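Heavy atoms only: backbone and side chains are in, while hydrogens, waters and symmetry mates are out. Being a predicted model, the structure only gives us computed values, none of them experimental.
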Amino acid sequence: MAPFLAFQLSPPNPLHPFHLCEFKVARGQRLQRIAAPALPLPSRGRIASVPGFMKLWSQFFIPTLKESPADAEITSHKLLVRAGLVRKLTGGLYTYMPLGLRVIHKITELCRQEMDKAGAIELWMPHVHPVENWMQGPRWEAAREIMFRADHAGAGKRAPRDPEFVLGPTHEEIITPLVKSEITSYRDLPKNFYQIATKFRNEIRPRYGLMRAREFIMKDAYSFDADDAGATRSYQLMKAAYEAFFARVGLKAIAVEADTGVMGGSFSHEFMVPAEVGDDDVVYCEESGYSANREKATSGLVPADLKDAEPAGAVEKFATPGVVTIASLEAAPYSVPGDKQFKTLVFVGDDKPFIVILRGCDELEEAKLGSLGFKLFRPATPEEIEPVLGAKPGSLGAVKGTIKNPAVLAGIFADHAIRLIGNGVTGANEDGFHLRNVNVARDLAITRFGDFRTVKAGEPCPKCGAPLKSRRAIEVGHVFKLGTKYSEKFNAVYTDDQKQTHPMVMGCYGIGISRTMQAIIEQSHDADGILWPWSVAPFQVLVCLLDPQDPAASEMAKKLGAAAERAGADVLIDDRAERPGVKFKDADLIGIPLRITVGGRGLKEGVVELKARDQKDVVKLPVAEAEARVAEAVVARMG
RNA sequence: CGGGCCGUAGCGUAGCCUGGUAGCGCGCUUGCAUGGGGUGCAAGAGGUCGUGAGUUCGAAUCUCACCGGCCCGACCA
């Protein structure tokens, strides 16, 4: 009886990195590899797949599709699926397939490098959160809408009770108590902690593949500083790191001023990738460089030195039977232009009604109501409005003395632009009647003026007065200066050198990693497929072996693959028994930046071919020079 | 949550209006040919027609309910 069994992988494949390995197993013992081919050590930024890095297509898994799934609407989503990068489990939930995961790894590694360079420190926090953390935090009411409950799924073994756990949509409520208990001295500040991990948000309407998913990968960082100046420094440091990161992954992202939304905080920038399919609108000025999310954007429409118009006469009621829209008041016989109408909207904020007044021609920007300080607000229903104002929507107004029950109002807030009206028209708070000759200063009791309207393209830039433009964009990153909103709630304080305690000043910083992957595709593709930037390509070199049965061709493919690998590239060898046309189509679809074609026809001529995915021309390399030329091409792209 | 559309093989779809053998393309399997841009020929496998109830001699098809999906809007750190 032989003490050892030796065996080979079957079927034998001369290209497989394992094929040189010899395995010996003593009976009753564990399998041990006792000899392996000499292999290069993993280099920085490489994805290790020991032994060796090179992958054979036939032994990897890249399920490409000719047709797009019916639910994919935008190009990047179609390509994600067609190139075999992701597969859908259900709405907003995706499996990262092996090829897609390699891209994710490349992106996270670059992100990690930039974060580390900027002085941030990586950690890993739980994604199942005790609900108490959220209830203690400042935004439970608003955030719970998008949070998944993480209750047990047991059937009666545990006592039913309120949710104890939720899945983390972000981690302020976790990091802040952690820092509170671990950091108490100014000597330990500033600190910036980050993680690259999964986030859970129960989006009302997941869309566009990874663009808005229920579960997605995000880099989130949280900075803690002793004072406001420090927090601003941390913020600037992160903003710079973001710019470096997006440049390295090959994304043209621009930083724009943004609304702070539910996050709260004092100021923030979003990193936007211009794309027609984006969810956000960016308003920008080519002259001054001003750019802002539409939610936040302002314009120079209302001059700072505006003088109110002289009242032309007393307020006067007139009958408007059946008129309940701005448009019908604009029409004959009334003919009141939208910019001479007051639009009166009623909201409910923290259970109290409040009024917002705009020009008839303007749209409310709901995000801007966040500045009013309500924890939660929503449009009021007609049933709620009538007892307060005395009329149904369509005949509402805020003229002094016409409001039925002014005492219950939490306030009357007006957009600055209504001061442009002068002798305007508004509802009389009596169904079927309006008022004319209404003037802001004389007739309205405004609690506070503010910027509540949506800026339209063409309005003057707030900085230079040139016409503003707008375009769609995808948000891929967001930096917030948070202030002390969370540290106060969680009592995250430190002691300074005067033995005084202060709340830490925080910032938070997110990058949508999975969204970034899709944004890159959206920004970098052609009719045939993806064009991966070198830095994030799942493989950088694809050796297209057209005759895998031919030992000489296979040998050449392996040699060139190894040369590319030695030069620093991740290499995939297409060794499938497919026709050339299929291989070329797949190569274009999955978008590997450099393609080396090894085929019988070329070898007869004594050449192999080198083609860049983003260029048309094919370079013929004489076989004798091929290894060196391939290495050269790789090095030239390594950066 | 409102409005619209759709569930038929792994994927993309026809058939439904007008009830009577479930069809096509891609993909998959086998064979032969082919071998540099999704090749050709031939032979196959693969379907609770979303679920349930009803109408009917008979339902993918008509009716009702439910479930799921997609789009528009609302919403969206």
> Can you label the angle between the A:F354 ring and the A:F374 ring as parallel, tilted or perpendicular, going by 30° and 60°?
parallel
> CG/A:L542 to CG/A:L594 distance, rounded to the nearest 0.5 angstrom?
10.0 Å
> Within the structure shown, what part of the strands sits under 4.0 Å from A:R576 by heavy-atom distance: base, sugar-phosphate, or nothing?
nothing
> Report yes if at least one side-chain N or O of A:R579 is closer than 4.0 Å to OP1 or OP2 of B:G40; otherwise report no.
no
> Between B:G12, B:C72, B:C75, spot the one nearest the side chain of A:E366, thanks.
B:C75
> Do the side-chain N or O atoms of A:K88 get closer than 4.0 angstrom to the phosphate oxygens (OP1, OP2) of B:C70?
yes
> Just the rounded figure in Å: distance from P of B:C28 to CD of A:E578.
7 Å
> Does a distance-only test, which skips hydrogens and angles, find a donor-acceptor pair under 3.5 Å between the side chain of A:R207 and the base of B:G73?
no
> Kindly say if A:K66 contacts the phosphate of B:G27, meaning a side-chain N or O under 4.0 Å from OP1 or OP2.
yes
> State whether A:R601 places a side-chain N or O below 4.0 Å from either non-bridging phosphate oxygen (OP1 or OP2) of B:G36.
yes
> Heavy-atom count check: over 12 atoms from other residues, nucleotides or ligands less than 6.0 Å from A:K456 NZ?
yes
> Mapping A:L589 and A:E475 onto RNA chain B by nearest heavy atom, which one lands closer to the 5' end?
A:L589
> Measure from the side chain of A:T90, starting at C-beta and using heavy atoms only, and say which of B:G69, B:G36, B:C72 lies closest.
B:G69
> Name the closest nucleotide to the A:P69 side chain, picking from B:G38, B:C11, B:C71.
B:C11
> Output the single nucleotide from B:C75, B:A74, B:G37 whose closest atom is nearest the side chain of A:R212.
B:C75
> Using salt bridge (Lys or Arg N to Asp or Glu O under 4.0 Å) as the criterion, point out the one residue from A:R579, A:R595, A:R576 that pairs with A:D586.
A:R576
> Is the distance from OP1 or OP2 of B:C75 to the nearest side-chain N or O of A:R378 less than 4.0 Å?
no
> Considering only atom C1', compute the distance from B:U13 to B:C49 and round it to an integer number of Å.
13 Å
> Looking only at the side chains, is there a donor atom on one of A:H478 and A:S268 sitting less than 3.5 Å from an acceptor on the other?
yes
> Taking only the side-chain nitrogens and oxygens of A:S68, find out if one of them lies under 4.0 Å from OP1 or OP2 of B:G12.
no
> Return the value, rounded to whole Å, for the distance between atom CG of A:D280 and atom P of B:C75.
14 Å
> C1' atom, B:C66 versus B:G31: distance in rounded Å?
49 Å
> Between B:C26, B:G36, B:G38, which nucleotide gets closest to the side-chain atoms of A:R82?
B:G38
> Could you tell me whether A:G602 contacts a base, only the sugar-phosphate backbone, or nothing, with contacts defined as non-hydrogen atoms closer than 4.0 Å?
base
